[in-house]
J.: 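My questions all concern the structure below.
Just the heavy atoms: all of them, side chains too, but no hydrogens, waters or symmetry mates, feed the values below. Numbering of ligands and ligand atoms starts at 1, following listing order. Quick caveat: nothing in here was measured; it's all calculated off a predicted structure.
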Amino acid sequence: MIALGSDHAGLPLKLEIIELLKERGIAYEDFGTHTLESCDYPVYAKKAAQAVADGRCRKGLVFCGTGIGVGITANKVHGVRCAICSDCYSAVLSRNHNDCNMLALGARVVGVDLARMIVSMWLDAGFEGGRHQRRVDLIMQAEGEG
Ligand code: RB5
């Protein structure tokens, strides 16, 4: 299950990515927003991130105008490592090296085709472990220490 969240600015791109998930047969839960009415992105990014943190969803995708607001919010939830990406290389490396469990995209930054490619490659990429596990452990230790 993939957790989804967006504000009004990210909604159109979220809907495009929902089509991609359907094409690929990937289950998702959309934590809102569901309308184009102006809203506050932290509300929806937090709901999606909490679903990833508590294990209801294995990964999460969040969307706003830039990806920055939802990405910052998701990273405030313990257990979440959210990459804010607008290119495929960073997205894949965020899985390979950082074991990111969430991805944030900016609907006003990336076009639909690029976003679909970024999400697809991110979903397919795995964590390499090894020396990267030690570094991820240090990230989580830093989170625990506040
Ligand atoms: C909304 O106008 C915009 O601020 C929001 O979508 C996001 O880009 C914030 O980081």
J.: What I want to know is whether Y41 and ligand 1 share at least one N or O pair that is separated by under 3.5 angstrom.
T.: no
J.: N101 and G79: which non-hydrogen atoms are nearest, and at how many Å?
T.: ND2-O, 2.9 Å
J.: Which residue supplies the protein heavy atom nearest to atom 7 (C) of ligand 1, what is that atom called, and how far is it?
T.: C64 SG, 3.4 Å
J.: What atoms of ligand 1 come within less than 4.0 Å of a heavy atom belonging to A9?
T.: 6 (O)
J.: Can you find a pair of side-chain heavy atoms, one from R56 and one from M1, that are under 4.5 Å apart?
T.: no
J.: Side chains of D137 and Q141: any donor to acceptor distance under 3.5 Å?
T.: no
J.: So which heavy atom in the protein is nearest atom 3 (C) of ligand 1, and how far is it from that ligand atom?
T.: R108 NH1, 4.0 Å
J.: Verify, without hydrogens or angle tests, whether N96 (side chain) and E128 (backbone) share a donor-acceptor contact under 3.5 angstrom.
T.: no
J.: Show me which atoms of ligand 1 lie under 4.0 Å from any heavy atom of D7.
T.: 1 (C), 5 (C), 6 (O)
J.: Taking H97 for its side chain and H132 for its backbone only, find out whether a donor-acceptor pair lies under 3.5 Å.
T.: no
J.: Which is closest to atom 10 (O) of ligand 1 in terms of heavy atoms, A104, G69, P42?
T.: G69
J.: Among all protein non-hydrogen atoms, which one is nearest to atom 8 (O) of ligand 1, and what is the separation to 0.1 Å?
T.: T66 N, 3.0 Å
J.: Measure across I118 and A91 and return the closest heavy-atom pair with its distance rounded to 0.1 Å.
T.: CG2-CB, 3.7 Å
J.: Taking only heavy atoms of G65 into account, list the atoms of ligand 1 that are under 4.0 Å away from them.
T.: 5 (C), 6 (O), 7 (C), 8 (O)
J.: Are any of the N or O atoms of G67 closer than 3.5 Å to those of ligand 1?
T.: no
J.: Around atom CG of D54, are there more than 12 heavy atoms of other residues, nucleotides or ligands at under 6.0 Å?
T.: yes
J.: I'd like to check whether I68 has a polar contact with ligand 1, where a contact means an N/O of the residue lying under 3.5 Å from an N/O of the ligand.
T.: no
